[in-house]
Participant: 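Take this structure, written in C-alpha cells, and hold onto it; I'll ask about it next.
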Amino acid sequence: MTASGSCGYWIGGQGSPVLLIHGGWAGAEAHWGPVWLHLAKQHAVIAIELPGIWSDFGASLASYHDYAGVCADLLTALELRDVAVIGNSLGASVGWQLALDRADLVRYLIMVNGFPPYQLPMRKVLGIWPFHSLALRNLVTNFYSPAVFKTAFFSPINIPEAVRVSLSESGTEMAKVMFRLLHSAKTTSGRPSSKIDFVWGDQDALPNMKIAEVVDSARPIPARACSRFRRPGTCRRSKTLAPSWL
C-alpha cells in the first residue's frame with residue numbers, strides 16, 4: 001500500500017536504479033520480462049504493476065497524475081532517488097507525468113513508443129459528444145482489439161501470450177480505462193527538467209504512430225536523442241547519440 005493506492009512491483013539486481021513502467025496491453029512481466037534480467041546485471045530494476053491495468057493490485061486510477069503519484073510513493077518507500085525511468089506507451093505518459101510532478105526523483109526519462117499526456121484543447125475535444133463516442137470506438141478498434149497484432153508487432157512470434165489473451169478477452173473494458181485517462185483534466189502542463197530519450201520502432205504501423213508521423217509529433221519534446229529501432233534487436237541513431245542504456 002502507498003499513500004496514493006496499492007500497487008505491486010518486481011525488483012532485482014544491483015546498481016543505479018531503473019523504474020520500468022508498462023503499457024496498457026498487459027502487465028509488467030509481459031512488457032519487461034524479456035529484458036529485465038539483462039538490465040538487472042547493471043541496475044537495481046523496479047518494475048511496477050500499475051493499479052487496475054491488467055493487475056489485481058487495486059482499481060484503475062482517474063488520471064496520469066494519480067498513476068505518477070503511485071510510482072512516486074513506491075520510489076519513496078524504497079528510498080530511491082535519481083532514478084532512470086523507462087516507460088512504454090501508457091508507461092511513457094505516466095513517466096512524463098512523474099518527471100513533471102516529482103523532478104527530484106527522476107534523473108532520466110526514456111519514452112518507448114509513447115507520448116506525453118494529451119493537453120488542452122485535445123482533452124476538451126475528446127469529451128464532446130459525438131467525438132467522445134467516435135474516439136472511444138476508434139480506440140477499441142485500432143488499439144485494443146486483436147487487429148493490433150498485425151500492425152504493432154514486427155512478427156507474430158514476438159507477441160507475448162498475455163497480450164494475446166488480454167486484448168482478445170478484455171480489450172474493450174481496458175480501452176474505456178485508457179479513454180478516461182486520455183481526457184482526464186487532472187494533468188500537469190509543462191516539460192520535465194530531466195534528460196529525455198525518445199525511442200520508436202520503424203515497423204510500428206498503428207494509426208498515427210508510423211515513424212514519419214511520430215518524428216514530426218516528437219519535435220516539441222525536449223529529447224536528447226531520438227533513436228529508431230529498424231527491427232527487433234537493432235537500433236540506428238537518427239539524431240544524436242543513442243541512449244546510454246542501449
Side-chain angles (χ1 to χ4, degrees), residues 4 18-25 31 48 50-51 53 60-72 74-75 83-127 131 135-136 138-139 142-144 152 174-175 177-201 204 206-229 238-240 243 245:
S4 301
V18 173
L19 175 66
L20 305 177
I21 309 178
H22 65 81
W25 286 347
H31 279 81
I48 189 170
L50 297 174
I53 309 296
S60 60
L61 305 181
S63 69
Y64 294 110
H65 175 80
D66 294 331
Y67 277 109
V70 170
C71 293
L74 176 60
L75 293 176
V83 176
V85 176
I86 307 176
N88 172 230
S89 189
L90 164 66
S93 299
V94 173
W96 177 279
Q97 193 66 49
L98 174 61
L100 275 176
D101 295 346
R102 293 295 306 274
D104 58 311
L105 296 177
V106 181
R107 173 179 57 85
Y108 186 15
L109 174 61
I110 301 164
M111 304 177 71
V112 183
N113 279 59
F115 294 106
Y118 280 147
Q119 300 294 330
L120 293 174
M122 180 58 74
R123 294 203 312 268
K124 286 187 176 180
V125 172
L126 289 175
F131 296 112
L136 177 57
N138 175 73
L139 191 66
N142 294 315
F143 295 92
Y144 280 86
M174 191 52 57
V177 173
M178 294 299 113
F179 192 72
R180 288 198 299 271
L181 288 176
L182 289 175
H183 67 85
S184 169
K186 195 176 181 182
T187 303
T188 306
S189 60
R191 296 180 177 181
S193 58
S194 58
K195 295 179 180 179
I196 300 174
D197 273 320
F198 187 73
V199 182
W200 209 270
D204 195 328
L206 286 169
N208 302 317
M209 288 190 171
K210 296 178 182 178
I211 191 67
E213 301 164 313
V214 169
V215 169
D216 185 62
S217 300
R219 294 188 194 282
I221 299 176
R224 188 171 63 89
C226 181
S227 299
R228 297 165 58 177
F229 284 95
S238 63
K239 285 189 177 178
T240 58
W245 62 277

Participant: Hey, which of V94, V70, L20 is the one that makes side-chain contact (heavy atoms from CB on, under 4.5 Å) with I48?
Facilitator: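 Only one option passes, and that is V70.
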
Participant: At what distance, to the nearest 0.5 angstrom, does CG of L100 lie from OG of S194?
Facilitator: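 It comes to 8.5 Å.
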
Participant: For R180 and S60: C-alpha separation, side-chain torsions, deciding distance, then whether side-chain contact (heavy atoms from CB on, under 4.5 Å) applies.
Facilitator: CA-CA 10 Å; R180 288 198 299 271; S60 60; 3.4 Å; yes

Participant: Got a donor-acceptor contact below 3.5 angstrom from the Y67 side chain to the G95 backbone?
Facilitator: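 No; judged by distance alone, with no hydrogens or angles, the pair does not exist.
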
Participant: To the nearest 0.5 Å, tell me how far S93 OG sits from L98 CG.
Facilitator: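 So the gap between those two atoms works out to 12.5 Å.
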
Participant: Can you check side-chain contact (heavy atoms from CB on, under 4.5 Å) on L139 and M178, steps first, answer last?
Facilitator: CA-CA 9 Å; L139 191 66; M178 294 299 113; 4.1 Å; yes

Participant: Could you grab the distance from atom CG of D101 to atom CH2 of W96, nearest 0.5 Å is fine?
Facilitator: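 Rounded to the nearest 0.5 Å, the CG-CH2 separation comes out at 12.5 Å.
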
Participant: To the nearest 0.5 angstrom, please state how far the CD1 atom of I110 sits from the CG atom of L19.
Facilitator: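 CG of L19 is found 11.0 Å from CD1 of I110.
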
Participant: Check the pair S89 / F143 against side-chain contact (heavy atoms from CB on, under 4.5 Å), numbers first and verdict last.
Facilitator: CA-CA 11 Å; S89 189; F143 295 92; over 6 Å; no

Participant: Nearest heavy-atom pair of L109 and A99: which atoms, and what distance?
Facilitator: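 Between these two residues, the closest heavy atoms are CD2-CB, 4.4 Å.
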
Participant: Where do A152 and W25 come nearest, in terms of heavy atoms and distance?
Facilitator: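 Heavy atoms only, the tightest pair is CB-CH2, 3.5 Å.
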
Participant: I'd like to check the side-chain contact (heavy atoms from CB on, under 4.5 Å) partners of N142; sequence neighbours left out, ordered by chain and number.
Facilitator: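 If we apply the side-chain contact (heavy atoms from CB on, under 4.5 Å) test to N142, skipping adjacent residues, the hits are N138, P207.
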
Participant: Who pairs with H22 by side-chain contact (heavy atoms from CB on, under 4.5 Å), at least two apart in sequence or on another chain?
Facilitator: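 side-chain contact (heavy atoms from CB on, under 4.5 Å) list for H22, sorted by chain: A28, H31, W32, E49, L50, I53.
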
Participant: Out of curiosity, L105 CG to L74 CG, how far, rounded to the nearest 0.5 Å?
Facilitator: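 Those atoms lie 10.5 Å apart.
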
Participant: Nearest 0.5 angstrom please: W200 CH2 to N113 CG, how far?
Facilitator: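 Separation between the atoms: 4.5 Å.
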
Participant: Taking Y144 for the side chain and M174 for the main chain, is one N or O donor matched with an acceptor at less than 3.5 Å?
Facilitator: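 No, because the side chain of Y144 does not come within donor-acceptor range (under 3.5 Å) of the backbone of M174.
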
Participant: Excluding sequence neighbours, so at least two apart, what forms side-chain contact (heavy atoms from CB on, under 4.5 Å) with A92?
Facilitator: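 So A92 forms a side-chain contact (heavy atoms from CB on, under 4.5 Å) with M111.
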
Participant: Which heavy-atom pair separates V112 from I86 by the least distance, and what is that distance?
Facilitator: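 For V112 versus I86, the nearest heavy atoms are CG2-CG2, 4.0 Å.
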
